[in-house]
Structure formats: structure tokens, C-alpha cells
Amino acid sequence: MANRVHRVTMFKLPKADDREKLMEQYKMVDSTSRKDGKPYILSLAVGPAEDDPRSQGFTLVCETQFASLADMKYYDDECAAHQKLKAAAKDLTIDGIMTVYFTPALTGGADP
């Protein structure tokens, strides 16, 4: 897991219906994303942010993991499933998006 690229995208979606619609789009990404005919997203987790002041208004979070930066760039620029998600998101009320990604310099915990 240390060599994986971890990507976290957070959305400010004030409407519960829009959060559900975006989660449905991520289900589609999970089931249809392919690179060279094979699944390439190593891990995908999506869910509502907990209601907490530290969330700073972000209401939905997606964490994906990729084997390489090239795979993540493919996801951004070429993946048909992700392009469909981005097109569908244009019809939603989104007050903000933040994406960060990193390759871990340290992993630990009870289940690294």
C-alpha cells in the first residue's frame, strides 16, 4: 500500500439528493472503469462526511487508490467512466470541490 497513489476528493453538496446522485455515479465508476480492458482502480471508498465542524462544509468524500501516478492521470483525463461522472456532476449543486493526492511516506496502524 505504501507505493500506491492515494487520492481524496471532497465535495460540498448542500442537497441530500445531489449527494445520492453523485454516489450513484461513483457506483458506475466502480463497476465500469477500465484501462487496457481491465479494472485499474485499486480501491474506491465513497461516503458522506460526518457532521462535524472540522468537515468545513464538505458533505461527501471519495478516496481512491491507484498503482501509479500515470493511472491516476488516466483516471483524470481519459477514463470514460470518470468522464461520465464529471459530466453528470455539472447538473448538481456543488459549492466546492477539493482534491489532494499523495504517495505515503509512512504507513502504520493496527492494519497497515
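All values below were derived from every heavy atom in this structure, side-chain atoms included, with hydrogens, water molecules and symmetry-related copies excluded.
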Handout entry: Lys27 backbone acceptor or donor facing Ser31 side chain under 3.5 Å
Key = yes

Problem - salt_bridge(Asp76, Arg7) N-O dist < 4.0 Å - result: yes

Problem - Donor-acceptor contact below 3.5 Å, side chain Thr32 vs main chain Ala81 - result: no

Exercise for the section: Find the distance between CD1 (Ile94) and CG (Leu13) and round it off to the nearest 0.5 Å. Expected result: 5.0 Å

Exercise for the section: Measure across Ala89 and Leu22 and return the closest heavy-atom pair with its distance rounded to 0.1 Å. Expected result: CB-CD1, 4.4 Å

Handout entry: Met23 to Pro48 - nearest heavy-atom pair and separation
Key = SD-CD, 4.4 Å

Handout entry: Nearest non-hydrogen partners of Gln25 and Ala88, listed with the distance
Key = CD-CB, 3.6 Å

Exercise for the section: Check whether any side-chain heavy atom of Val61 lies under 4.5 Å from a side-chain heavy atom of Thr9, and answer yes or no. Expected result: no

Problem - Atom pair OG/CG of Ser68 and Asn3 - distance to nearest 0.5 Å - result: 11.0 Å

Problem - Met28-Tyr40 co-clustered via ILVMFWY side chain contacts under 4.5 Å - result: yes

Exercise for the section: May I ask you to decide whether Lys21 forms a salt bridge with Glu24, counting only side-chain N to carboxylate O separations under 4.0 Å? Expected result: no

Problem - Check: Leu60 and Cys62 side chains under 4.5 Å, non-hydrogen atoms - result: no

Handout entry: CG-OG distance between Leu44 and Ser33, expressed to the nearest 0.5 angstrom
Key = 7.5 Å

Handout entry: Flag side-chain contact, heavy atom, 4.5 Å: Thr103 against His6
Key = no

Problem - Verify same cluster id: Tyr26, Tyr101 (apolar side-chain graph, 4.5 Å) - result: yes

Handout entry: Sub-4.5 Å side-chain heavy-atom contact between Val8 and Thr99
Key = no

Exercise for the section: Look at Lys15 together with Asp17 and state whether they make a salt bridge at an N to O cut-off of under 4.0 Å. Expected result: no

Exercise for the section: May I ask whether Val5 and Leu42 are part of the same hydrophobic cluster, defined by side-chain heavy atoms of I, L, V, M, F, W, Y residues being less than 4.5 angstrom apart, directly or through others? Expected result: no

Practice task
Work out which heavy atom in Gln83 is nearest to a heavy atom in Glu78; give both atom names and the distance.
Solution key: NE2-N, 3.9 Å

Practice task
State yes or no: do Met10 and Ile41 share one hydrophobic cluster built from I, L, V, M, F, W and Y residues joined by side-chain heavy-atom distances below 4.5 Å, directly or via other members?
Solution key: no

Problem - Test item: Cys79 and Lys35 side chains (from C-beta on) under 4.5 Å apart, heavy atoms - result: no

Problem - Phe66 vs Ser43 side-chain heavy atoms within contact, under 4.5 Å - result: no

Practice task
Look at atom NZ of Lys73 and say whether more than 12 heavy atoms of other residues, nucleotides or ligands are closer to it than 6.0 Å.
Solution key: no

Practice task
Check the pair Tyr75 / Val29 against side chain to side chain contact (heavy atoms under 4.5 Å, CB included), numbers first and verdict last.
Solution key: CA-CA 10 Å; Tyr75 177 72; Val29 166; 4.1 Å; yes

Exercise for the section: Kindly indicate whether the side chain of Thr93, heavy atoms from C-beta on, has any atom under 4.5 Å from the side chain of Pro14. Expected result: yes

Practice task
Any chance you could lay out the salt bridge (charged side-chain N to carboxylate O under 4.0 Å, His left out) test for Asp36 and Lys38, step after step, and finish with the verdict?
Solution key: CA-CA 6 Å; Asp36 300 325; Lys38 296 182 249 174; over 6 Å; no

Exercise for the section: Examine Phe11 together with Phe58 and report whether their ring centres are nearer than 6.0 Å. Expected result: no

Practice task
Spell out, as yes or no, whether a donor-acceptor pair under 3.5 Å connects the side chain of Lys12 to the backbone of Gln56.
Solution key: yes

